[in-house]
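Values in this document were obtained by computation on a predicted structure and should not be read as measured data.
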Amino acid sequence: MMNYSYHCPTKIEMGEGKSKTLPELLGKMGAGASIMLVSDPGIIRAGLISGIKDSLEAGGYRVTVFDKVFPNPRDTDCMLGAEEFRMNRINTVAAIGGGSAMDTAKAIALCGPNGGIPSEYADGKRSYGQTAPLICIPTTAGTGSEVTRSAVITEQSTHRKMTLKHANLRPQLAVLDPELTLSVPPDITAATGVDALVHAIEGYTCRVSNPISQALGASAISKIVKALPLAYQNGENRKARAEMLEGSLLAGLCFGSADVAAVHCLAEALGGLYDTPHGVANAIFLPHVLEYNISGHEEIHGRIARIAGFAAEKDSDEEAAEKLIKGIVELTDQINIPKLKQLPGVKKADFERIVELSMNNNSTSSNVKEILPQDYLQILEKAYSAVPAVLSN
């Protein structure tokens, strides 16, 4: 019998218009009067926080907006937020945006009241203290950060991707409002959607998975594979948007109680070096890592293929696993994910550095199959050459 633990203290509020009830929800959780809204300039320009800010101020809350949020958030920007937290005597931090906003908010909620810098927590030099109350309102369906205990922050000086991970980083409240995702452009819908799919697949297959994470991952995979092409083709498809937001949530609960693996290790290395969008990098590497992982692990990958609808129940595990890779390739082609060679700045001369960063990632050890530097290098070579990801004979 497997020994495992599962705990998620985050209260989840899901439904259209839920973001408009934030003052009421904050009152129920006893949040203080001073709130910092953490968001990125694009979300602010789109007007997605103005209604929330107005309703909070009308409810008597003092609101500070921190907008220095960028893709692959930097530790330097997080520290600016921590300084504003202390200067404005903030009680509660609320992220409104995608994974970058939520990860930045987590770092601010940690470093603001406790001091220190992100690397000190990531490297075990400083103990995690109690964070400020944290609320996450995702505007994309992808990261699942609204229910996880992790935040990925880039160290500006080294381009290293650091993972802050502690139970105290789980948000107290997650508000999922599909209305906030209707205006997400197709390319971001595609990238964040595959990010959620990878969370579910890696959370399901990784070495530290458990029956609860697998049940959550199976539900997420089924929803995302069906809804993502529909949301990509028509951003105003409310049913598809809601299914994607729910699928992303389930995927976050899945890997949040388990781990990610080699796809994420490569994607985080790429993002640290080139600022590649995280979901795009995940989508590029997913079929090639699956090709590597399947040998010796056909049963679990065949199971995923059937859950996704890529394979039939009558298919053998080997046949189903091959159909999994084919299905993933067709899905990412359908939503126009670029190839590795097409990404700005990526060059083969950096492959050794990418391998080094991937090997140093704590999630490498969680990969379902042991992976060594030469294996990472081969995956990079195949992805760069756009070699079709099919099972080797």
Side-chain angles (χ1 to χ4, degrees), residues 10-22 25 37-53 55 67 69-71 94-105 135-148 171 173-200 219-254 256 277-280 282-283 331-332 334-337:
T10 304
K11 181 179 181 182
I12 299 166
E13 294 283 349
M14 172 84 184
E16 289 199 8
K18 280 285 185 179
S19 61
K20 298 182 178 69
T21 68
L22 187 57
L25 294 171
L37 300 183
V38 178
S39 193
D40 67 70
I43 295 294
I44 293 172
R45 284 195 301 270
L48 294 183
I49 78 161
S50 57
I52 296 173
K53 180 175 181 289
S55 66
D67 65 353
V69 173
F70 305 100
I96 304 172
S100 295
M102 290 188 277
D103 284 1
T104 300
I135 298 135
C136 285
I137 307 172
T139 60
T140 61
T143 70
S145 189
E146 68 271 14
V147 288
T148 71
L173 174 65
V175 181
L176 290 87
D177 186 343
E179 289 182 358
L180 298 180
T181 69
L182 296 176
S183 61
V184 177
D187 59 333
I188 297 177
T189 297
T192 55
V194 180
D195 187 21
L197 182 59
V198 175
H199 288 155
S219 182
I221 291 166
S222 178
K223 285 179 180 289
I224 293 166
V225 168
K226 293 173 187 173
L228 180 53
L230 300 176
Y232 176 79
Q233 292 160 11
N234 177 14
E236 295 183 0
N237 184 327
R238 288 176 176 264
K239 182 179 179 182
R241 288 296 195 185
E243 288 287 294
M244 281 304 303
L245 200 55
E246 195 167 60
S248 174
L249 169 73
L250 292 166
L253 289 168
C254 169
H278 182 62
V280 170
N282 270 333
L331 174 63
T332 54
Q334 184 180 357
I335 58 177
N336 293 311
I337 296 294

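Partners of Ser145 under the side chain to side chain donor-acceptor pair (under 3.5 Å) rule, at least two apart in sequence or in another chain, are Asp103, Lys106. Partners of Ala283 by side-chain contact (heavy atoms from CB on, under 4.5 Å), not counting sequence neighbours, listed by chain and number: Val194, Thr332, Ile337. Shown here are the side chain to side chain donor-acceptor pair (under 3.5 Å) partners of Thr189, two or more places apart in sequence or in another chain: Arg241. By the salt bridge (charged side-chain N to carboxylate O under 4.0 Å, His left out) test, Lys11 is found to be paired with Glu13, residues two or more places apart in sequence or in another chain being considered. Under the rule for a side chain to side chain donor-acceptor pair (under 3.5 Å), Gln334 has no partner lying at least two apart in sequence or in another chain.
For the atom pair OG1 (Thr10) and CG (Leu173), the distance works out to 8.5 Å, reported to the nearest 0.5 Å. Taking CG of Leu48 as the start and CD1 of Ile43 as the end, the distance is 5.0 Å to the nearest 0.5 Å.
When every heavy atom of Ser248 is checked against every heavy atom of Gly144, the shortest pair comes out as OG-N, 3.5 Å. The nearest pair of heavy atoms linking Ala101 to Gly97 is CB-CA, 4.0 Å. Annotation for Gly252 and Thr148: closest pair O-CG2, 3.7 Å, computed over non-hydrogen atoms. The nearest pair of heavy atoms linking Gly193 to Met244 is CA-CE, 3.7 Å.
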key: side chain to side chain contact (heavy atoms under 4.5 Å, CB included) between Thr140 and Asp195, worked out   = CA-CA 11 Å; Thr140 61; Asp195 187 21; over 6 Å; no
key: Stepwise side chain to side chain contact (heavy atoms under 4.5 Å, CB included) check, Asn237 with Lys239   = CA-CA 6 Å; Asn237 184 327; Lys239 182 179 179 182; 3.7 Å; yes
query = Run the side chain to side chain contact (heavy atoms under 4.5 Å, CB included) check on Ile135 and Leu22 step by step: do they pass?
reply = CA-CA 10 Å; Ile135 298 135; Leu22 187 57; 4.2 Å; yes
ask   = Hey, mind stepping through Val38 and Ile96 against side chain to side chain contact (heavy atoms under 4.5 Å, CB included) and telling me if it holds?
value = CA-CA 6 Å; Val38 178; Ile96 304 172; over 6 Å; no
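Looking at heavy atoms from C-beta onward, Cys254 lies out of side-chain contact with His199 at the 4.5 angstrom threshold.
Within the structure, no pair that satisfies the side chain to side chain donor-acceptor pair (under 3.5 Å) test touches residues 38-47, not counting sequence neighbours.
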Sequence neighbours excluded and cut-off under 3.5 Å, please list the side-chain donor-acceptor pairs for residues 174-186, or say none.
residue: Asp177; atom: OD1; partner: Gly17; partner atom: N; Å: 3.0
residue: Asp177; atom: OD1; partner: Glu179; partner atom: N; Å: 3.0
residue: Asp177; atom: OD2; partner: Gly17; partner atom: N; Å: 3.1
residue: Asp177; atom: OD2; partner: Lys18; partner atom: N; Å: 3.3
residue: Asp177; atom: OD2; partner: Ser19; partner atom: N; Å: 3.2
residue: Asp177; atom: OD2; partner: Ser19; partner atom: OG; Å: 2.8
residue: Glu179; atom: OE1; partner: Lys20; partner atom: NZ; Å: 3.1
residue: Thr181; atom: OG1; partner: Pro178; partner atom: O; Å: 2.8

Give every donor-acceptor pair under 3.5 Å between a side-chain atom in residues 220-233 and any protein atom, sequence neighbours left out.
residue: Lys223; atom: NZ; partner: Glu243; partner atom: OE1; Å: 3.4
residue: Lys223; atom: NZ; partner: Glu246; partner atom: OE1; Å: 2.9
residue: Tyr232; atom: OH; partner: Asn336; partner atom: ND2; Å: 2.7

